[in-house]
Amino acid sequence: MSRMQNKEVSQIQGFDIELNQENTLRIDRLVDSYEKSILNNLNEEYQRKTRWPDHVADQISSFGGSWKFIVCFAIFLFIWIVWNTLSITRFHFDEPPFILLNLCLSFIAAFQAPVIMMSQNRQAARDKHESIIDFAINYKAEQEIDDMQKHIHRIENELMEIKLLLIDNKEKDTL
């Protein structure tokens with residue numbers, strides 16, 4: 001094998017099996033394709049099982065748990081407080097201690113928290129389903145690795161027997 005070809009060939013760690021770059025890329029493409037197909041199936045199943053109120057809850061929780069919401073809400077609170085405290089404005093609809101603002105904040109918290117919890121529960125169920133699939137794949141891979149190791153040990157034992165036979169034959173030939 002030339003030096004250039006030698007650089008392109010890699011070995012599977014621990015097995016001394018040579019793979020060239022083309023085969024390695026092919027294996028990587030197959031694994032990526034398999035992972036994408038699993039994710040697509042999970043996403044399709046999730047979309048099929050999710051009702052429209054669940055989608056609304058997901059959208060509300062994704063906005064309610066974002067920096068955009070925090071910034072918008074901080075601006076809203078600042079404007080509310082400035083509007084109702086400065087003497088520049090004539091109409092103060094919520095004088096300090098801002099009882100109407102407290103009522104609005106309570107309503108928002110009362111409705112936003114359960115919606116976010118519903119979304120988190122669905123995400124937890126989805127994560128559990130994905131972890132079960134991951135476990136099944138890992139278990140199958142472990143079984144295949146064990147099977148390959150058994151075959152390798154069997155081959156090693158057979159090679160050892162052949163080696164011993166060759167040594168015996170060589171000793172007999174020298175006598």
- Message: Using side-chain heavy atoms (C-beta onward) and a distance below 4.5 Å, is Asn84 in contact with Phe91?
- Response: no
- Might you work through the side-chain contact (heavy atoms from CB on, under 4.5 Å) test for Phe69 and Gln112, ending with a clear yes or no? CA-CA 12 Å; Phe69 172 77; Gln112 188 180 24; 3.8 Å; yes
- With the side chain counted from C-beta on, respond yes when Leu77 and Leu101 share a heavy-atom pair under 4.5 Å apart, and no when they do not. yes
- Item | Asp127 and Gln123: side chain donor to acceptor below 3.5 Å | yes
- Sequence neighbours left out, what passes salt bridge (Lys or Arg N to Asp or Glu O under 4.0 Å) with Arg154? Give chain and number order. Glu158
- Ignoring hydrogens and geometry, is there a side-chain-to-backbone donor-acceptor pair from Ser119 to Ile116 under 3.5 Å? no
- Item | Test salt bridge (Lys or Arg N to Asp or Glu O under 4.0 Å) applied to Asp54 - qualifying residues, sequence neighbours left out | Arg51, Arg122
- Item | Test side-chain contact (heavy atoms from CB on, under 4.5 Å) applied to Phe111 and Ile60, step by step | CA-CA 10 Å; Phe111 286 105; Ile60 290 172; over 6 Å; no
- Task: For the pair Thr85 (side chain) and Ile81 (backbone), establish whether a donor and an acceptor sit closer than 3.5 Å, ignoring hydrogens and angles.
- Result: yes
- Task: With rounding to the nearest 0.5 Å, note down the distance linking NE2 in His92 to CZ in Phe98.
- Result: 10.0 Å
- Task: Could you grab the distance from atom CG of Leu166 to atom CG of Leu159, nearest 0.5 Å is fine?
- Result: 10.0 Å
- Item | Fellow cluster residues of Ile99, listed by chain then number, with links counted only when side-chain atoms sit under 4.5 Å apart | none
- Note: Met118 and Ala57 closest approach over all heavy atoms is CE-CB, 4.2 Å
- Task: Any side-chain hydrogen bond (donor to acceptor under 3.5 Å, both in side chains) involving residues 131-145? Give me the pairs, sequence neighbours left out, ordered by first then second residue.
- Result: Tyr139-Gln143
- Query: Do you know which two heavy atoms are closest between Ser62 and Ser66, and how far apart they sit?
  - Reply: O-CB, 3.5 Å
- Message: Could you see if Val71 belongs to whatever hydrophobic cluster contains Ile79? Use Ile, Leu, Val, Met, Phe, Trp, Tyr and a side-chain cutoff under 4.5 Å.
- Response: yes
- Message: Tell me whether the count of non-hydrogen atoms from other residues, nucleotides or ligands lying under 6.0 Å of CZ in Phe93 goes above 12.
- Response: yes
- Query: Out of curiosity, does Leu103 fall in the hydrophobic cluster containing Phe76 (side-chain heavy atoms, cut-off under 4.5 Å, transitive links)?
  - Reply: yes
- Straight-line distance of His151 NE2 to Asp147 CG, nearest 0.5 Å: 4.0 Å
- Query: Between the main-chain N or O of Leu100 and the side-chain N or O of Asp94, is there a donor-acceptor pair closer than 3.5 Å?
  - Reply: yes
- About how many Å separate CD1 of Ile167 and CE of Met160, when rounded to the nearest 0.5 Å? 8.5 Å
- Pairwise side-chain contact, Val56 with Val115, heavy-atom cut-off 4.5 Å (strictly under): no
- Query: To the nearest 0.5 Å, how far apart are CD1 in Ile132 and CD in Glu130?
  - Reply: 10.5 Å
- Task: Let me see the working for Glu156 and His153 under side-chain contact (heavy atoms from CB on, under 4.5 Å), right down to the final yes or no.
- Result: CA-CA 5 Å; Glu156 286 175 344; His153 290 303; 3.5 Å; yes
- Taking all atoms of both residues into account, what is the closest heavy-atom pair of Asn102 and Pro97, and its distance? ND2-O, 3.6 Å
- Message: So, using side-chain contact (heavy atoms from CB on, under 4.5 Å) as the criterion, who are the partners of Ile137 when residues are at least two apart?
- Response: Tyr34, Ile38, Ile133
- Query: Can you tell if the side chain of Trp80 reaches within under 4.5 Å of the side chain of Trp83, non-hydrogen atoms only?
  - Reply: no
- Item | Same apolar cluster: Ile155 and Leu164, side chain cutoff 4.5 Å | no
- Task: For atom CZ of Phe63, decide whether the heavy atoms of other residues, nucleotides or ligands shown that lie under 6.0 angstrom number more than 12.
- Result: yes
- Those residues that, when tested against Leu86, pass side-chain contact (heavy atoms from CB on, under 4.5 Å) (two or more places apart): Val82, Ile88
